[in-house]
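Written below as structure tokens is the structure these notes are about.
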Amino acid sequence: MELVFLGTSAGAPTVFRGLPSVALRFDDGSICLLDCGEGTQRQMMRCNVSFMSVERIIISHFHCDHHMGLSGLLQTMNLNNREKSIEIIGPKGTKELVEHVLEPGYFRLGFDIIVYEAGDKDTLDLGKYTIKTIENNHCKNSLSFCIEEPMRRGKFNLQRAKELGIPEGPSYRKLQNGESIVWNGKRIEPDAVLGPQRRGRKICYSGDTAYFEPLSSLAEESDVLIHEATFSEEERSGAETFKHSTATDAAKIAMLAHAKKLFLTHISGRYGAGKELEREARKIFPNTTVAEDFMRYDVRYPE
Ligand SMILES: [Zn+2]
Ligand SMILES: [Zn+2]
């Protein structure tokens, strides 16, 4: 699973940062976009993220910096003869948003858009992964969410397989794939040679939010927490007025969640490369990186 930061700015773009969007590429090549700020499609082209592989777009809330890239992206998909449907998930009001995007009727879509409006503490089991949401305190209908893969099979215990006298080869593969085999007239279930189930990977995305402690439960044990840090602690009053987080707030959530890795994003133009935010967060949560546009991160399995 790979994360590609397409836009890491807050509110308005800067010369170096586009508006919020993160591409999450799964092992099968399909992509889920987390937000779709203005200019997202061009950012995708610049770092080789295929928009035709996008199967799902999650919009965190309706401030323009998070969804203005939708109409352009949909039109380009259409110009490229997309036929495969696309899913758009967002808070209550997403259906209306998508209707507005399509309403002028300047182009007729050759593919279906399936919209799902998620509420507070929603769970969407999509097979390949589960999306869980909570409403945060940024504005009305503003979501934070996590994406979590299902549990995986346990590790293959080679020694145990040998003790059972099973010969190496196709039988091992079958057992590893969770199928039972018959050996020496005895049926052997995969459980006999597989360790306990292991959890899949988990990504949590704060969207825009002020410090919001319930987010740490949603993000519990995340491999990656992507958290907004629009302000530094010095500008706390700004964070409070506009219901955003400071780098310290983000780091506290990462610490409480026992996350493995924290990326700060939604960086205001006033912080440039954001190194001051990174230093601030690292005092609380050392494994912090300020995201930059086009930064990539390989999300490995926990063990
Ligand atoms: Zn924003
Ligand atoms: Zn916002």
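Count residues from 1 along the sequence.
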Residue pair T288 / E278, side-chain donor-acceptor N/O under 3.5 Å: no

Donor-acceptor pair, side chain of S30 and main chain of F26, under 3.5 angstrom: no

Check: D208/H61 side-chain N/O donor and acceptor closer than 3.5 Å: yes

Exceeds 12 heavy-atom contacts within 6.0 angstrom, atom CZ of R42: no

Passing option when E228 is tested against H244, H138, H266 for side chain to side chain donor-acceptor pair (under 3.5 Å): H244

Sub-4.5 Å side-chain heavy-atom contact between L143 and N136: no

E38 atom CD, over 12 foreign heavy atoms within 6.0 Å: no

Side-chain H-bond candidate by donor/acceptor type, T8 with R17, under 3.5 Å: yes

Donor + acceptor pair across side chains of Q41, T76 (<3.5 Å): yes

Any F5 side-chain heavy atom under 4.5 Å of Q43 side chain: no

Y211 and R236: side chain donor to acceptor below 3.5 Å: no

Atom pair CE (M68) and OG1 (T40), whose distance is rounded to the nearest 0.5 Å: 11.5 Å

Side-chain donor-acceptor pair present, Y301, R198, cut-off under 3.5 Å: no

Steps toward salt bridge (Lys or Arg N to Asp or Glu O under 4.0 Å) verdict (R300, D223): CA-CA 8 Å; R300 303 268 170 87; D223 297 286; over 6 Å; no

Six-ring centre of F263, K261 cation under 6.0 angstrom, axis tolerance 45°: yes

